[in-house]
> 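Sharing a structure, written as structure tokens. Questions coming.
Chain letters run A, B, ... following the sequence lines, proteins first and then strands; every chain starts at 1.
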Number of protein chains: 2
Amino acid sequence: MASLPQDGLKHLAEATGLSVSTVSRVLSGKAAAYRISTDTQERVMRAARQQGIVVNEVARGLRLRTTQTIGLIIPDVSNPFFASLARHIEHLARAKGYSVLLADSQENVEVEAESVKLMRSRRVDGLVVAPVGISGDHLHQTGSENWPLVLLDRVPTGYAGPCVTSDNRQASKAAVQHFLEQGHRHIVCLQGLPASSANQQRVLGYQQALQEARVPVNAKLVIGHDYAIETGRSAVHELFSQSNPRPTAIMALGNLIALGALQALRHLKLKVPDDVSLISFDEQPWAELVDPPLTTLSQPVEKMAETAMDLLFQQLARTPLNSHKQEILLPVTLIQRASVAPLAGSNRIRLTERTPLRKRLR
Amino acid sequence: MASLPQDGLKHLAEATGLSVSTVSRVLSGKAAAYRISTDTQERVMRAARQQGIVVNEVARGLRLRTTQTIGLIIPDVSNPFFASLARHIEHLARAKGYSVLLADSQENVEVEAESVKLMRSRRVDGLVVAPVGISGDHLHQTGSENWPLVLLDRVPTGYAGPCVTSDNRQASKAAVQHFLEQGHRHIVCLQGLPASSANQQRVLGYQQALQEARVPVNAKLVIGHDYAIETGRSAVHELFSQSNPRPTAIMALGNLIALGALQALRHLKLKVPDDVSLISFDEQPWAELVDPPLTTLSQPVEKMAETAMDLLFQQLARTPLNSHKQEILLPVTLIQRASVAPLAGSNRIRLTERTPLRKRLR
DNA sequence: GTGAAAGCGCTAACAC
DNA sequence: GTGTTAGCGCTTTCAC
């Protein structure tokens with residue numbers, strides 16, 4: 001912190017001829033409670049404004065044992081899904097007087113663990129994290145027992161604390177069922193980070209849909225290793241330039257993956273949806289503008305952020321959480337556009353609606 | 001900050017039978033400088049790990065007068081351009097041991113001013129801000145004289161401090177020249193936030209290109225009021241559903257605006273590029289996948305972030321900045337794809353390259 | 001090699 | 001209504 005020219009209540013006290021306590025009281029809005037005279041209040045305020053003095057929140061934080069800061073740890077801020085989450089969280093935090101300390105874990109467990117530790121040493125009042133891995137151990141280090149924490153979007157298996165996700169399993173299951181209804185049987189699943197719970201749930205939904213329809217599950221059709229655009233691109237290249245019989249549908253478990261898949265498909269001169277159908281997880285502004293307009297699974301991003309912050313604020317307020325509401329699952333919507341077609345030779349008719357169909361799942 | 005079960009060096013001191021000073025010295029890596037015995041070091045480290053004690057950075061910050069935190073204020077984290085900037089900045093900050101405190105100013109000057117004040121009171125060591133307005137007054141409040149600050153992407157007129165932007169004027173000028181070469185004369189300029197310097201430079205470039213080509217500048221063709229998707233949509237609707245003669249080309253001064261324009265065009269059943277050509281500011285992963293692949297102006301996002309952080313770190317290190325390098329202008333690249341066609345009846349041929357042409361501007 | 005003590009800028013008893 | 005004072009948890013001079 002730069003050493004400010006005029007720093008502190010002490011200085012203000014001298015300038016106004018009052019004591020630090022008094023100055024402190026008016027500056028922290030306790031004037032009424034202490035019945036400080038209007039005159040005094042004015043004097044302090046004016047001096048503060050004139051000399052550009054703002055109270056030192058770090059000293060305040062030390063004394064008050066609160067930083068009015070929440071930590072936000074996400075795997076990739078540049079992924080529009082997380083960027084959007086981050087934005088809503090920042091707004092909600094600010095509305096309650098909290099600032100947000102941001103860490104991008106780069107989909108890397110070590111970086112994440114490091115960030116958690118850092119945030120703890122910086123004494124953030126609470127933490128919301130979209131964890132990378134399937135183990136949540138590093139989230140609960142020794143000594144961090146009742147430290148306000150809520151997990152978002154992804155939840156390690158066996159995690160018992162408060163968390164909010166969308167219904168990933170149900171969503172991808174419904175999408176795959178949609179494919180099945182259109183006659184598809186060879187459906188690729190372009191997965192994201194295999195270690196992330198969201199991905200696991202999505203893959204599970206994919207498998208369940210197949211099993212329930214008595215369609216054999218081919219492990220080779222689940223492919224990919226992270227949520228990056230490149231993963232979609234290379235997986236599609238690999239799968240569609242050789243394999244036989246060629247898959248007829250692709251379930252992309254993330255918006256960037258879908259983009260990569262689209263690129264590869266175009267490169268391979270495969271038409272969507274004529275040659276292959278495609279559904280993407282995550283709705284984005286560009287989804288209806290790409291060629292063809294994409295059928296997507298839309299997560300309730302804003303609702304997710306709100307719910308997470310609710311859960312966090314409840315903890316901050318030391319309100320015991322209703323134990324039965326700790327794990328919150330939000331419904332996903334299937335938005336049907338033009339990237340899915342009935343399998344050639346199947347008896348289904350192609351969807352021709354002008355306006356997209358929205359189907360709330362569950 | 002939650003009151004941690006075991007807090008502080010004091011506790012560790014008792015546990016190890018040493019003094020706080022010693023414990024402090026080893027925990028802050030000063031063991032060597034003070035010739036602390038290896039045995040003692042071990043003892044402290046082990047105890048710290050066992051009891052899960054992390055030093056209280058806020059107390060440390062108070063004492064050291066540094067928070068190892070930089071503030072980042074941007075107008076909209078969910079805009080992919082800023083999200084990307086934010087990500088790079090977070091990485092660069094972390095690499096140097098800094099955390100980042102994030103504020104989203106929502107393209108609102110008051111929120112921005114409020115955030116600056118907040119960051120100052122929280123004693124961030126430095127600030128990087130992409131300012132909303134054309135006045136930079138609130139960035140330099142009384143008492144914040146030599147407080148490390150660098151402006152990013154946008155610079156208020158007359159601002160003298162360190163800042164980095166891309167060459168907005170030159171970029172949009174080149175884009176408009178490209179339109180002109182293809183025979184277009186009625187070129188719409190879909191602007192972003194009129195008060196932002198980036199927008200002003202872009203509009204200026206647009207005007208200059210027209211003037212130099214002796215094409216009359218029609219003020220009615222500059223339309224829009226912010227960088228949102230809705231602005232592109234409504235402006236296009238307004239302009240293309242009635243005006244006569246209908247414009248034949250659109251310069252969109254932001255990626256979301258372009259998306260909105262594309263939506264509206266599709267809705268009006270106008271084909272790109274046959275009926276109207278389009279160029280978008282900001283390159284995005286989806287740009288080559290929308291229909292048609294978009295010709296874009298690609299800003300050097302990573303380079304911008306790096307440069308800004310360089311400038312900031314120089315200030316943090318109290319290295320006097322080379323005064324002639326304080327205002328840094330980075331070149332933009334024109335990526336030609338398929339959204340621009342020669343005007344029907346003009347004697348130009350349509351660009352048919354398979355791979356996009358990249359033209360570095362300036 | 002290690003300890004004692006002062007103080008970073010603030011708040012909250014406790015006085016009056 | 002306002003002032004005095006004792007810390008919050010850390011670093012660092014000075015002592016030994």
Side-chain angles (χ1 to χ4, degrees), chain A residues 1-44 47-48 51-68 120-123 125 143, chain B residues 1-44 47-48 51 53-68 120-125 143:
Chain A
M1 100 192 104
S3 73
L4 301 167
Q6 322 274 31
D7 209 10
L9 304 199
K10 179 127 139 276
H11 192 89
L12 267 188
E14 285 165 13
T16 54
L18 293 161
S19 72
V20 267
S21 336
T22 304
V23 173
S24 162
R25 298 197 256 248
V26 355
L27 253 35
S28 49
K30 305 239 172 50
Y34 283 94
R35 299 141 186 271
I36 297 197
S37 74
T38 333
D39 171 61
T40 303
Q41 293 186 40
E42 292 266 301
R43 228 176 344 145
V44 175
Q51 319 212 10
I53 291 187
V54 292
V55 304
N56 184 328
E57 288 293 338
V58 4
R60 199 152 191 265
L62 177 59
R63 179 65 233 241
L64 259 23
R65 318 181 117 262
T66 167
T67 52
Q68 294 297 109
R120 201 152 87 78
S121 74
R122 286 176 184 277
R123 296 302 188 271
D125 292 334
Chain B
M1 106 192 98
S3 73
L4 302 168
Q6 323 273 34
D7 210 10
L9 303 199
K10 179 127 140 275
H11 192 88
L12 266 189
E14 285 165 13
T16 54
L18 293 161
S19 72
V20 264
S21 329
T22 304
V23 173
S24 162
R25 296 198 256 249
V26 355
L27 252 36
S28 51
K30 304 239 170 47
Y34 283 94
R35 300 141 186 269
I36 297 201
S37 74
T38 332
D39 171 61
T40 303
Q41 293 186 38
E42 291 266 303
R43 219 163 6 131
V44 175
Q51 320 213 9
I53 291 188
V54 292
V55 304
N56 185 329
E57 289 294 337
V58 5
R60 197 150 193 267
L62 177 58
R63 177 66 232 241
L64 259 23
R65 314 179 121 265
T66 168
T67 51
Q68 295 296 107
R120 201 151 89 75
S121 73
R122 287 177 183 273
R123 296 303 188 269
V124 299
D125 293 334

> So which one's nearest nucleotide on DNA chain C is more toward 5', B:Ala59 or B:Ile36?
B:Ile36

> Taking all non-hydrogen atoms of both residues into account, name the closest pair between B:Ala48 and B:Leu12 and its distance.
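In this case the closest contact between B:Ala48 and B:Leu12 is N-CD2, 3.6 Å.
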
> Rounded to the nearest angstrom, tell me the gap between atom CG in A:Leu64 and atom C1' in C:dA13.
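After rounding, the gap between these two atoms is 14 Å.
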
> So, OP1 or OP2 of C:dC8: does either fall under 4.0 Å of a side-chain N or O from B:Arg123?
no

> Between B:Arg63 (CZ) and C:dC10 (C1'), how many Å, whole number?
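Spelled out: CZ on B:Arg63 to C1' on C:dC10 is 16 Å.
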
> Rounded to whole angstroms, how far apart are CD1 on A:Ile53 and C1' on C:dC10?
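Going from A:Ile53 (CD1) to C:dC10 (C1'), I get 13 Å.
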
> May I ask you to check whether B:Ser37 and B:Thr40 show a side-chain donor-acceptor distance below 3.5 Å?
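Present: a donor and an acceptor within the cut-off.
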
> Among residues 13-20 of chain B, which ones have heavy-atom contacts with DNA chain C below 4.0 Å?
B:Gly17, B:Leu18, B:Ser19

> So, using side chain to side chain donor-acceptor pair (under 3.5 Å) as the criterion, who are the partners of B:Ser19 when residues are at least two apart?
B:Thr22

> In the structure I gave you, are the side-chain heavy atoms of A:Val58 and A:Thr67 within less than 4.5 Å of one another anywhere?
no

> Indicate whether OP1 or OP2 belonging to C:dG9 is found under 4.0 Å from a side-chain N or O atom of A:Arg60.
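So the side-chain polar atoms of A:Arg60 never come under 4.0 Å of the phosphate oxygens OP1 or OP2 of C:dG9.
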
> Restricting to non-hydrogen atoms, name the atom on A:Gly8 and the atom on A:Ile53 that form the minimum distance, rounded to 0.1 Å.
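A:Gly8 and A:Ile53 have their closest heavy atoms at O-CD1, 3.9 Å.
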
> Hey, where on DNA chain D does chain A first and last touch, going 5' to 3'? Cut-off is any atom under 4.0 Å from a heavy atom.
D:dG1 to D:dG9

> Going by heavy atoms in the side chains, are B:Arg123 and A:Val54 under 4.5 Å from each other?
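Side chain of B:Arg123 against side chain of A:Val54, heavy atoms only: contact under 4.5 Å found.
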
> Give one of base, sugar-phosphate or nothing for B:Ser24, where a contact means two heavy atoms less than 4.0 Å apart.
base

> Which atom pair, heavy atoms only, marks the closest approach of B:Val44 to B:Thr16?
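Looks like CA-CG2, 4.3 Å.
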
> Once you build an axis from the first five pairs and another from the last five of the helix from C:dG1-D:dC16 to C:dC16-D:dG1, how far apart in angle are they, to 10 degrees?
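For the helix from C:dG1-D:dC16 to C:dC16-D:dG1, the axes at either end differ by 40°.
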
> Please, which pairs that meet salt bridge (charged side-chain N to carboxylate O under 4.0 Å, His left out) have at least one residue in residues 53-62 of chain B, sequence neighbours excluded?
B:Glu57-B:Arg60

> How close or far is atom C1' of C:dT11 from atom CG of A:Leu12, stated in whole angstroms?
16 Å

> Below 4.0 angstrom, which residues in residues 27-35 of chain A have at least one non-hydrogen atom near DNA chain D?
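Residues of residues 27-35 of chain A that come under 4.0 Å of DNA chain D are, in numerical order, A:Tyr34, A:Arg35.
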
> Is there, by distance only and without an angle test, a donor paired with an acceptor across the side chain of B:Arg25 and the base of C:dG3 below 3.5 Å?
yes

> Under 4.0 Å between a side-chain N or O of B:Ser37 and OP1 or OP2 of C:dT2?
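Yes, because at least one side-chain N or O of B:Ser37 sits under 4.0 Å from OP1 or OP2 of C:dT2.
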
> Can you tell me which nucleotide in C:dG9, C:dA12, C:dA4 comes closest to the side chain of A:Ser21?
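Of C:dG9, C:dA12, C:dA4, C:dA12 is nearest to the side chain of A:Ser21.
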
> Between B:Leu9 (CG) and C:dG3 (P), how many Å, whole number?
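Interatomic distance, CG of B:Leu9 to P of C:dG3: 13 Å.
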
